[in-house]
Protein chains: 2
Amino acid sequence: MNISQNIKVAVDAVVFGYEEGQVRILLIKQKFGVYKDRWALPGGFVLDGESLSGAVERELREESGVAVDYMEQLCTFGDDVARDPRAQVISVAYLALVNPSKLRLRASSDAKEAKWFPADNIPELAFDHNTIIAKGLERLKAKVSYQPLGFDLLEKEFPFSDLENLYRAILGRDIDRRNFRKKLMSFGFLEETDKMRKIGSGRPAKLFVFNKQEYRRLESEGIHFEIKYA
Amino acid sequence: MNISQNIKVAVDAVVFGYEEGQVRILLIKQKFGVYKDRWALPGGFVLDGESLSGAVERELREESGVAVDYMEQLCTFGDDVARDPRAQVISVAYLALVNPSKLRLRASSDAKEAKWFPADNIPELAFDHNTIIAKGLERLKAKVSYQPLGFDLLEKEFPFSDLENLYRAILGRDIDRRNFRKKLMSFGFLEETDKMRKIGSGRPAKLFVFNKQEYRRLESEGIHFEIKYA
DNA sequence: ACAAAAGTGTTCGCTTTACACCCATGT
DNA sequence: ACATGGGTGTAAAGCGAACACTTTTGT
């Protein structure tokens with residue numbers, strides 16, 4: 001097959017984490033090239049023989065040491081032919097979630113600096129990465145309300161208020177605690193443990209776990225979830 | 001920038017049409033190569049300097065003479081590194097809709113055969129194109145219920161029953177005529193004309209038009225549509 | 001007159017929403 | 001005792017679901 005084509009394929013990831021009540025996004029400081037010293041999404045060129053999702057995982061490992069807990073394809077950017085000033089590059093963007101136990105960043109092998117930024121305070125990034133993030137946030141927002149994605153951003157055992165606050169943070173608005181809890185519990189994939197957590201003052205909170213098996217079972221039975229809130 | 005990468009970028013389109021009460025998909029017969037004489041989605045390699053959506057439009061024009069009325073990106077296929085037996089090729093798939101006035105296929109310039117197939121009776125296709133179609137149908141199904149996409153598959157002026165039947169065809173199940181009509185009319189983006197259509201026996205039907213301006217206006221006001229039906 | 005498709009309202013039940021007080025702990 | 005966050009129920013409104021007969025035309 002001898003078609004000649006001079007287009008490069010890259011992947012980029014919008015990696016979300018949740019810490020201290022804030023949704024955060026992982027960024028990498030560019031050390032070389034046109035965008036030296038600018039922050040950018042983790043990502044890079046796909047290697048020959050490598051799958052797209054494999055490339056994302058490798059780049060994340062290399063650049064930050066992060067292993068993600070959930071990943072889905074977001075969108076492919078290639079309508080702006082000059083989105084990379086060096087050459088024609090299309091980028092397949094992914095959305096990924098990491099749970100809090102893995103938020104710690106490893107000193108990266110290729111001397112790039114990695115850092116978590118609050119999702120509502122992202123600097124001007126390299127390439128069209130601000131656009132990609134906007135798309136990622138939009139998708140996250142849309143998706144949490146009909147798929148219980150949020151649990152990948154929380155610890156395995158969490159107090160209900162963490163879930164509430166996560167939804168508040170993602171949706172950018174207040175939710176009604178009573179209605180939210182009633183709705184979530186009615187689905188039946190949340191289980192109460194007998195552990196408690198107390199932080200500072202206030203009544204200690206029961207910890208809950210997300211029962212993924214049960215969720216998958218309900219999902220396969222064709223049951224549709226829609227998480228609404230006042 | 002001297003990275004060497006031997007990956008080719010292609011685009012493919014799942015183009016939907018609606019005729020005689022059937023949802024149809026446009027396919028092209030392969031004239032050369034490994035998959036000679038197999039049907040495949042319209043598509044091909046992206047040219048240097050060409051945008052992704054531009055490539056889709058060009059391929060559709062070249063292979064079938066079809067100009068689409070709606071197009072959105074579907075998904076990028078590249079996790080199966082061997083999806084194209086000739087080389088590593090990633091394909092950015094698009095979903096497109098054509099309205100009935102443009103369903104006629106032009107004799108194509110490069111002597112490929114183009115044909116509309118009923119969506120529920122697609123043969124075994126070249127590459128992973130059956131998978132791409134499955135994804136396209138899934139998206140179409142999901143999307144019609146929260147975005148009035150269907151109108152791009154109908155004539156400008158249409159009787160309500162066409163809309164009903166289109167939804168029946170896409171969703172693969174019956175809908176309640178009264179509830180459906182009530183809901184659709186309540187949105188306010190459907191306008192009654194004073195024209196009528198009679199075909200064969202039966203009471204003549206009023207024709208309706210979709211008011212895109214009004215829809216955009218309502219959409220921009222943040223009004224959310226969800227089309228449900230018994 | 002009959003067949004064929006279009007047009008039209010009402011009732012019931014469930015889901016969503018709105019809303020405020022008591023409980024358990026730390027200081 | 002007071003501050004802090006956790007836990008809980010009920011009533012009203014709105015929406016979705018179910019359901020059948022009349023109208024207009026062609027034959």
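Hydrogens, waters and symmetry mates are skipped; everything else that's a heavy atom, side chains included, is used. Residue numbers start from 1 in every chain, and the chains themselves are labelled A, B, ... in the order their sequence lines are given, proteins ahead of strands.
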*Decide whether a cation-pi geometry holds between Lys115(A) and Phe117(A); the criteria are a distance under 6.0 Å from NZ or CZ to the six-membered ring centre and an angle within 45° of the ring axis.*
yes
*Atom CG of Asp176(A) and atom P of dT15(C): how far apart are they, to the nearest Å?*
17 Å
*asked:* For a quick check under 3.5 Å, do Asn179(B) and Lys182(B) share a side-chain donor-acceptor pair by atom type?
replied: yes
_Nearest to the side chain of Ser201(A), heavy atoms from C-beta on, is which of dG7(D), dG7(C), dT25(C)?_
dT25(C)
*Picking from dT24(D), dG9(C), dG6(D), which would you name as closest to the side chain of Arg203(A)?*
dG6(D)
*When you check the phosphate oxygens OP1 and OP2 of dA18(D), does a side-chain N or O of Lys228(B) lie under 4.0 Å from one of them?*
no
*Nearest-nucleotide wise, let me know which of Tyr229(A) and Pro159(B) is further upstream toward the 5' end of DNA chain C.*
Pro159(B)
*Among dT24(D), dT25(C), dA18(D), which nucleotide sits nearest the side chain of Lys182(B)?*
dA18(D)
*Where the side chain of Ala205(B) is defined as all heavy atoms beyond and including C-beta, which of dT25(C), dA6(C), dG7(D) is the nearest nucleotide?*
dA6(C)
*Does a nitrogen or oxygen in the side chain of Arg177(A) sit under 4.0 Å from OP1 or OP2 of dG7(D)?*
no
*Nearest whole angstrom, please: distance from the P of dG7(C) to the CZ of Arg197(B).*
12 Å
*Check if the side chain of Arg178(B) and the base of dA20(D) share a donor-acceptor pair of N or O atoms closer than 3.5 Å.*
yes
*asked:* Without decimals, in angstroms, what is the distance between Phe180(B) CZ and dC15(D) C1'?
replied: 17 Å
*In whole angstrom, what separates Phe208(A)'s CZ from dG6(D)'s C1'?*
10 Å
*Any Lys/Arg nitrogen of Lys29(B) or Asp37(B) sitting under 4.0 Å from an Asp/Glu carboxylate oxygen of the other?*
no
*Nearest nucleotide by nearest heavy atom, which residue falls closer to the 5' end of DNA chain D, Asn179(A) or Pro204(A)?*
Pro204(A)
*Could you tell me the separation between the CD1 atom of Ile227(B) and the C1' atom of dC15(D), rounded to a whole number of Å?*
15 Å
*To the nearest Å, how far apart are Lys198(A) NZ and dA3(D) C1'?*
18 Å
_Closer than 3.5 angstrom, by distance alone: can the side chain of Tyr167(B) be matched with the main-chain N or O of Ile175(B) as a donor-acceptor pair?_
no
_Over all strands shown, is Lys183(B) touching base, sugar-phosphate only, or nothing at heavy-atom distances under 4.0 angstrom?_
sugar-phosphate
*Rounded off to whole Å, could you give me the CZ-to-C1' distance for the Arg181(B) and dC15(D) pair?*
20 Å
*To the side chain of Ser161(A), which of dC19(D), dG26(C), dG6(D) is closest?*
dG6(D)
*Show your working on salt bridge (Lys or Arg N to Asp or Glu O under 4.0 Å) between Arg217(B) and Glu221(B) and close with a plain yes or no.*
CA-CA 6 Å; Arg217(B) 196 184 63 76; Glu221(B) 280 180 4; 2.8 Å; yes
*What is the distance, rounded to the nearest whole Å, between atom CD of Glu226(A) and atom P of dC14(C)?*
19 Å
